[in-house]
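Working notes, beginning with the structure itself.
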Amino acid sequence: MSGNINWFKYSSPQTFFPLAGRLASWFGTLAAIACAAGLYLGFFVAPTDAQQGEAYRIIFIHVPAAWMSMFLYLVMAFWAGLGLAFNTRLSGMMASAIAPTGALFTFLALWTGSLWGKPTWGTWWVWDARLTSELILLFLYFGFMALQAAIDDPRRADKAGAVLALVGVVNIPIIYFSVKWWNTLHQGASVSLTKAPTMAATMLTGMAVMAFGFWFYSIAAALMRARCIMLERERASDWAADYARGSA
Amino acid sequence: MLAAFRCVIHRDLLLAARRSSDVLTVLLFFVIVVSLFPLGVGPDPALLRTIAPGVIWVAALLASMLALQRMFASDHADGTLEQMLLGATPLGMTVAAKVFAHWVISGLPLVLISPVLALQFDFPQEFLGVLALSLALGTPVLSLIGAIGAALTLGLRGGGALLSLLVLPLYVPVLIIGAGAAEAAVSGLGGKAQLLLLGALLAFAGAFAPWAAAAALRISSE
């Protein structure tokens with residue numbers, strides 16, 4: 001390759017559509033393998049925790065889901081900002097394709113967290129800084145999706161969503177620190193995850209493998225969703241019509 | 001540029017003065033919401049004293065959100081907004097002026113009446129000033145953040161409910177720090193740290209929010 005790569009080749013839906021299909025199936029396979037391996041490590045290999053018993057095993061889903069929920073918001077805002085700055089069609093499509101997966105992981109993190117909290121803390125919910133900011137993150141995802149759903153013109157929806165996603169990204173650290181501070185002011189440190197005893201190596205491996213599994217799943221799901229969005233928006237074009245005829 | 005700034009403020013205030021019932025509706029909403037809480041949680045003075053700052057702040061949040069829809073709607077309907085978009089004045093400047101006028105109409109009355117409502121909750125008199133000051137610093141931030149949401153949802157169906165979904169999560173830091181100021185003052189810690197943080201939020205939002213709202217307005221009126 002002569003150092004003269006055309007970076008913009010895949011910024012057009014027509015060329016990106018087949019690539020996204022190939023990538024989605026690759027990452028989907030990788031996700032299945034990594035999740036199976038991670039769950040096996042988590043449920044059969046990792047030792048039982050001395051303090052929390054078997055209940056702790058939900059962290060193999062909970063922690064990677066929480067990581068992905070925050071990471072995906074950043075990725076979404078990145079694509080949204082790119083779309084706003086360079087006026088590229090595909091970036092906006094990627095941002096709207098990522099949002100539902102991000103919301104899914106946020107919800108999963110909250111749900112598994114409360115399932116873990118009941119046997120461990122004795123309550124489904126505490127107004128802990130992490131829980132509260134995760135809940136607000138879920139509201140931010142919902143706001144992004146609701147705004148895009150309310151606008152009929154897809155280009156306006158992309159741009160309006162982009163402004164909201166960028167405002168949200170600026171706000172997330174402010175929200176996190178204000179909630180953290182509010183929490184310590186009100187009730188003192190109740191339960192601290194950061195001061196937990198150091199984890200066994202197998203637990204950490206299982207969690208890392210699951211994180212990769214979720215990551216690959218997010219890529220695959222976002223690309224599949226982006227393919228649907230591309231087809232829907234480009235339905236007037238020749239390549240989309242050809243594809244629809246070919247697969248029908 | 002400053003002349004245009006003053007002109008927009010003057011115009012918006014004049015319009016509000018001609019239709020003063022709009023201003024009063026928001027104020028009455030604020031008063032009624034605050035008065036509902038003792039009816040809901042019971043008249044125990046100790047409990048009311050503890051929840052007073054939080055209740056007043058949440059009600060201020062809701063009242064400020066209720067008024068948001070009107071910030072650009074009438075200008076959008078009669079075409080004034082398009083002239084502002086085309087005008088020589090930087091749009092961020094015009095938006096800043098409109099946000100300021102909107103705060104004077106919908107935020108300032110809440111600040112002024114809050115000590116009276118706090119007295120209803122048997123809130124200690126020596127800390128009324130901290131509460132009012134926290135509202136005086138915080139409500140402009142609400143108007144600034146809300147302007148972005150109002151601009152994004154301009155002319156959309158289901159605007160009101162959508163606007164609350166967009167804006168309320170972004171209000172969280174202001175609520176926490178604002179309500180925290182009066183609580184910290186009552187508990188003897190002094191609310192200075194919170195008031196300084198609110199001032200920082202105001203400076204930050206004042207510098208950036210008008211431009212974000214201007215970008216949103218351009219998107220909405222393409």
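Chain A is the first sequence line, chain B the second, and so forth, proteins listed ahead of strands; every chain is numbered from 1.
- Across all their heavy atoms, B:D75 and B:D78 have their closest contact at O-OD1, 3.1 Å.
- At most 12 non-hydrogen atoms from other residues, nucleotides or ligands lie less than 6.0 angstrom from CG of A:D238.
- For the side chain to side chain donor-acceptor pair (under 3.5 Å) criterion with A:Y243, the lone passing option out of A:R227, A:E234, A:R235 is A:R227.
- Under the 3.5 Å distance criterion, with hydrogens and angles disregarded, no donor-acceptor pair is assigned to the side chains of A:R89 and A:S12.
- Residue B:S164: no heavy atom, backbone or side chain, is found under 4.5 Å from chain A.
- In this structure, chain A has no heavy atom under 4.5 Å from any part of B:L168.
- At a 4.5 Å heavy-atom cutoff, the contact between B:L162 and chain A is made by side-chain atoms alone.
- Residue A:M224 qualifies as open at atom CE: its count of foreign heavy atoms under 6.0 Å is 12 or below.
- In this structure, CD1 in B:I51 is found 10.5 Å from CD in B:E183, a value given to the nearest 0.5 Å.
- In this structure, the portion of B:I148 lying under 4.5 Å from any heavy atom of chain A is its side chain and not its backbone.
- No side-chain heavy atom of B:W211 sits less than 4.5 Å from a side-chain heavy atom of B:L91.
- Of the atoms belonging to B:I176, it is side-chain heavy atoms, and not backbone ones, that fall under 4.5 Å from chain A.
- In this structure, chain B has no heavy atom under 4.5 Å from any part of A:I172.
- Of the listed residues A:I175, A:L137, A:L147, A:N171, the one with more heavy-atom pairs under 4.5 angstrom with chain B than any other is A:L147.
- For A:A149, the part lying under 4.5 angstrom from a heavy atom of chain B is the backbone only.
- Only the side chain of B:F204 has a heavy atom closer than 4.5 Å to any heavy atom of chain A.
- Only the side chain of B:L197 comes within less than 4.5 Å of a heavy atom in chain A; its backbone stays farther off.
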